[in-house]
Structure formats: structure tokens, C-alpha cells
Amino acid sequence: MDDPLNQNPLLFVYILIVLLEIIHFLNYGFKSAIYWRSKSLLKYQLNMNTEFNYSYPVVLTIAGSDSGGGAGIQADLKTISALGCYGTSAITAITAQNTMGITNLFELPVSVVTDQIKAVTEDIKPHAIKIGMIPNSALLQAIFDILSLYPEIPVILDPVMIATSGRRLVEQNTIELLKTVLIPITALVTPNLDEAAILADMEISTVAQMKIAAHQILNFGGQAVLIKGGHLKGSKLYDVYLDKTGKEIVYENDTISSQNTHGTGCTLSAAIACFIARNMELPEAIKNAESYVHRAIYEGLDVKTGKGKGPLNHFYAPIPLIKLPVDMKN
């Protein structure tokens, strides 16, 4: 006859705990014994369940800090959290900023930024990376040097160059380096009309011109480009997508009349990174990200935040952290 203790080792553990509980009860009383028992069982169960079967979809954002919370790192992390992903960050610059604009800007030392990136990539390897403001060429080169070690991680580049107030946020030589060094390693670059005009060196005021500019920017070597047409006037919004295979998509959304649009570009690129980290193909990720941003603008249009351009409502329908089987994400 088989020994029941050999068949069920957990039974032996329970018997042992009960015996020790009786000893504990005789020495310290009933309540203390019950507490000790529950603590012992929990510790045993935790030790038994050491196999990790899941991971979170991790997104790293490399961007500037917005003290007003509407754009930059703050908007990125809100977006990442709202879409069920695990957000990590590397701050490139600190701005004194609110809904009225930027009053001061401090660029962090290159080593401080790169140490942040290395700390994340070497331990909590991201499944997608979003890049925002890179204020100078030395930092851009250093970021490239690190990311080039991880060619398997898709990079979404939001080439932040000019603040809403019109203030230029990056040096001219940084823009040139952006074209020749960083864009070639990106899965997607997401300029708005002003940024696309700088990159393509042309005026853009129509969807047809957006398509021409997309071809120009794609020549820099990236895998795909999405030009955001939010600054065009009209009842519809048009964003133009073009990739290396020649696939062209014009995404169309209704225009929402709202002053609360601060951080829209940051939010869109972060959302795209999230959906890529969640295993979506790029065109589908963009479609889902645009739907998220459109709804976030709508849900925040009747909210007063500050005296100027307010933020989106990032948490209109937050998703709990998603658990992906480990064989889907390394």
C-alpha cells in the first residue's frame, strides 16, 4: 500500500504545521497560533510557486519631463499605464512648464540619461521604446549607441522639435543627426506637420503634400513614417502612413473642437509603442492608438485644467496590467 505522505507531500507539510501550531498554542495562546499558522502556510505556498509563467509588456519612454503633467514623460507614463503596459523611463531634460507654455528648460548630462537607459535595458528589457525630446546632438549620438545594441526592440520616434508656444526645443545640428543616425533605426517616426516640414524641407498644407513628405522622410532609412495632420483645418483629421513596402494608409478621424490637446503627440506615439508591445502589427497598433487618443480628447474636452491648453483624459477606461505568457515576450 502506497504511503499517503509520499503521494501528497503537501499533506505532510500541513501535519507538520498543525503539530507546530499545537506547540505554539500551548506556549503563546490561540490567536498567536492562528496567525503563525497562516503566515507559515503563505510562506510555503510562495516558495512552491517560484516558476514565472508571465511577463508584463514593457515600454521604455525616453523623453523630457513636463512639470505640468500634460506632455512628455508624464503623458507617456499615463498612457502606458492606461493601456495595460509596464512603463519605464529615462528623462532627457527637465522643463518648467504648465498649460500656458515652457518657462525654463534644463538638459540633463549625457551620462545621467544613458545610465537611466542602461539601468532599464539591462534588467527590465523593454518590448518597445518610445523616444521624445532629445535636446542636443551629443545625447542623440549616445542614445543611438545604446539602442543599436538592441536591434530587435522596435523604436517609435516622436521627433519633438518645437513647443506649442513656438519655442525651438532642439539644436539645428541635432535635427541633421536625427535624419542620418536615429531615424534609420526606427520602426516608426511620427512627426506633426511642422516637424515633417523641417525633416522633408518643404511646406505642407494638404494631404497630398503630406504623402510627398512621407516619401522624403522614409528616404532617411526608417521602416515607416506617420505624418500627423492635426494642424490642418477642417471637419476631418488625416494622418498619412507609409512604410518600406510601399504600403500607404490615410487614417481619418472626426475633428474634436477642444482646447485640451496638450500632449496629444506624446500620447499617440506612446500608445503606438504600447500596442506594439502587446503584439500588434504596426498598422493595427496605429489604428488602436488613434482611437485611444481620439477618445481621450473627447473625454477630457469639458474639463478645466489650468489657464491654457489642458491635457487629455488618459484614464477614461484604464486597463489592468496585462500578463503575457513568457514564450510570447522574452
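Side chains included, hydrogens not; waters and symmetry mates left out as well; all remaining heavy atoms used. Note that the coordinates shown come from a computational prediction; the quantities given were computed from them, not determined experimentally.
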| task | Kindly check if the number of other-residue, nucleotide or ligand heavy atoms within 6.0 Å of NZ (Lys304) is above 12? | result | yes
| Are Leu147 and Leu149 connected in a single hydrophobic cluster, I mean Ile/Leu/Val/Met/Phe/Trp/Tyr linked by side-chain heavy atoms less than 4.5 Å apart? | yes
| task | Kindly indicate whether the side chain of Leu199, heavy atoms from C-beta on, has any atom under 4.5 Å from the side chain of Lys179. | result | yes
| message | side chain to side chain contact (heavy atoms under 4.5 Å, CB included), that's the test. Do Ile249 and Ile286 meet it? Break it down for me. | response | CA-CA 10 Å; Ile249 302 172; Ile286 294 171; over 6 Å; no
| field | Ser89 side chain near Asp76 side chain, heavy-atom distance below 4.5 Å | value | no
| field | Nearest heavy-atom neighbours spanning Pro135 and Ala93 | value | CG-CB, 4.3 Å
| So with a 6.0 Å cut-off around NZ of Lys244, is the heavy-atom count from everything else above 12? | yes
| said: With rounding to the nearest 0.5 angstrom, report the NZ to CG distance, Lys125 to Asp123. | reply: 12.5 Å
| message | Strictly below 4.0 Å, N to O, side chains only: are Glu284 and Lys287 in salt-bridge contact? | response | no
| message | Tell me if a side-chain donor or acceptor on Ser81 pairs with a main-chain N or O of Lys78 at a distance below 3.5 Å. | response | no
| Among side-chain atoms of Tyr241 and Asp243, is any donor-acceptor pair under 3.5 angstrom? | yes
| query | To the nearest 0.5 Å, how far apart are NZ in Lys211 and CD in Glu248? | reply | 4.5 Å
| message | Measuring from atom OH of Tyr56 to atom CD1 of Ile322, what distance do you get when rounded to the nearest 0.5 angstrom? | response | 11.5 Å
| task | State whether the side chain of Gln259 and the backbone N or O of Gly308 hold a donor-acceptor pair below 3.5 Å, judged by distance alone. | result | yes
| field | Which atom of Asp66 lies closest to which atom of Thr95, heavy atoms considered | value | CA-OG1, 3.6 Å
| said: So which atom in Gly230 and which in Asp239 form the shortest heavy-atom distance, rounded to 0.1 Å? | reply: N-OD1, 4.4 Å
| Interatomic spacing from OG1 in Thr206 to CG in Leu193 - rounded to 0.5 Å | 9.5 Å
| remark: To the nearest 0.5 Å, atom OG1 of Thr61 lies from atom CD1 of Ile156 at 12.0 Å
| note | Distance col, row Lys118:NZ vs Ile146:CD1, nearest 0.5 angstrom, shows 5.0 Å
| query | Given Gln74 and His314, is the side chain to side chain contact (heavy atoms under 4.5 Å, CB included) satisfied, shown in steps? | reply | CA-CA 11 Å; Gln74 286 81 354; His314 293 90; over 6 Å; no
| message | Taking Thr174's backbone N and O only, do any of them form a donor-acceptor pair with Ser137's side chain (distance below 3.5 Å, no angle check)? | response | no
| Counting only heavy atoms not in Glu152, do more than 12 fall under 6.0 Å of its CD? | yes
| said: Using a 3.5 Å distance criterion without hydrogens, assess whether the side chain of Arg278 forms a donor-acceptor pair with backbone atoms of Leu83. | reply: yes
| message | Would you say Leu77 ends up clustered with Phe315 if hydrophobic residues are merged whenever their side chains have heavy atoms under 4.5 Å apart, either directly or through other cluster members? | response | no
| query | Could you walk me through whether Met210 and Val250 pass the side chain to side chain contact (heavy atoms under 4.5 Å, CB included) check? | reply | CA-CA 10 Å; Met210 290 169 68; Val250 177; over 6 Å; no
| message | Between Leu324 and Ile319, is there shared hydrophobic-cluster membership here, with clusters defined by ILVMFWY side-chain heavy atoms closer than 4.5 Å? | response | yes
| task | Compare every heavy atom of Tyr316 with every heavy atom of Ser291, then report the nearest pair and how far apart it is. | result | O-OH, 4.4 Å
| So, Glu299 side chain and Arg295 main chain: donor-acceptor pair closer than 3.5 Å or not? | no
| Sub-3.5 Å donor-acceptor pair from the side chain of Ser55 to the main-chain atoms of Val326, do we have one? | no
| message | Assigning hydrophobic clusters by single linkage (Ile, Leu, Val, Met, Phe, Trp, Tyr; side-chain heavy-atom cutoff under 4.5 Å), is Phe106 placed with Met161? | response | yes
| Side chains of Glu107 and Thr92: is there a donor and an acceptor less than 3.5 Å apart? | no
| said: Quick one, Asp254 and His294 - any side-chain contact, counting heavy atoms below 4.5 Å? | reply: yes
| request: Grab the two heavy atoms, one from Gly229 and one from Leu237, that are nearest each other, plus how far apart they are. | output: O-CD2, 4.3 Å
| Just checking, is any N or O donor in the side chain of Glu176 or Thr180 under 3.5 Å from an acceptor N or O on the other one? | no
| field | Residue pair Leu182, Leu177: steps toward the side chain to side chain contact (heavy atoms under 4.5 Å, CB included) verdict | value | CA-CA 7 Å; Leu182 200 55; Leu177 205 61; over 6 Å; no
| Do Tyr292 and Thr267 have side-chain heavy atoms sitting under 4.5 Å apart? | yes
| Backbone of Ile91 reached by a side-chain donor or acceptor of Gln116 within 3.5 Å | yes
| query | Do you know the tightest heavy-atom contact between Leu178 and Pro159? | reply | CD2-CB, 3.7 Å
| field | Sub-4.5 Å side-chain heavy-atom contact between Val225 and Phe220 | value | no
| field | pair Ile153-Leu60: side-chain heavy atoms closer than 4.5 Å | value | no
| query | Quick check: does any side chain N or O of Ser67 sit under 3.5 Å from a backbone N or O of Gln97, one acting as donor and the other as acceptor? | reply | yes
| message | Using a 3.5 Å distance criterion without hydrogens, assess whether the side chain of Glu195 forms a donor-acceptor pair with backbone atoms of Asn192. | response | yes
| Leu226 side chain near Leu268 side chain, heavy-atom distance below 4.5 Å | yes
| query | Going by distance alone, is a donor N or O of one side chain under 3.5 Å from an acceptor N or O of the other, for Thr99 and His262? | reply | no
| request: Tell me whether Val293 is reachable from Ile256 by hopping between hydrophobic residues (I, L, V, M, F, W, Y) whose side-chain heavy atoms are closer than 4.5 Å. | output: yes
| For the side chain of Lys130 and the backbone of Asp158, is there at least one donor-acceptor N/O pair under 3.5 Å apart? | no
| task | Indicate yes or no: at least one non-hydrogen side-chain atom of Ile297 is less than 4.5 angstrom from one of Asn260. | result | no
| query | Would one find more than 12 heavy atoms of other residues, nucleotides or ligands at under 6.0 Å from atom CG of Asp201? | reply | no
| request: Please check if atom OH in Tyr251 has more than 12 non-hydrogen atoms from other residues, nucleotides or ligands closer than 6.0 Å. | output: yes
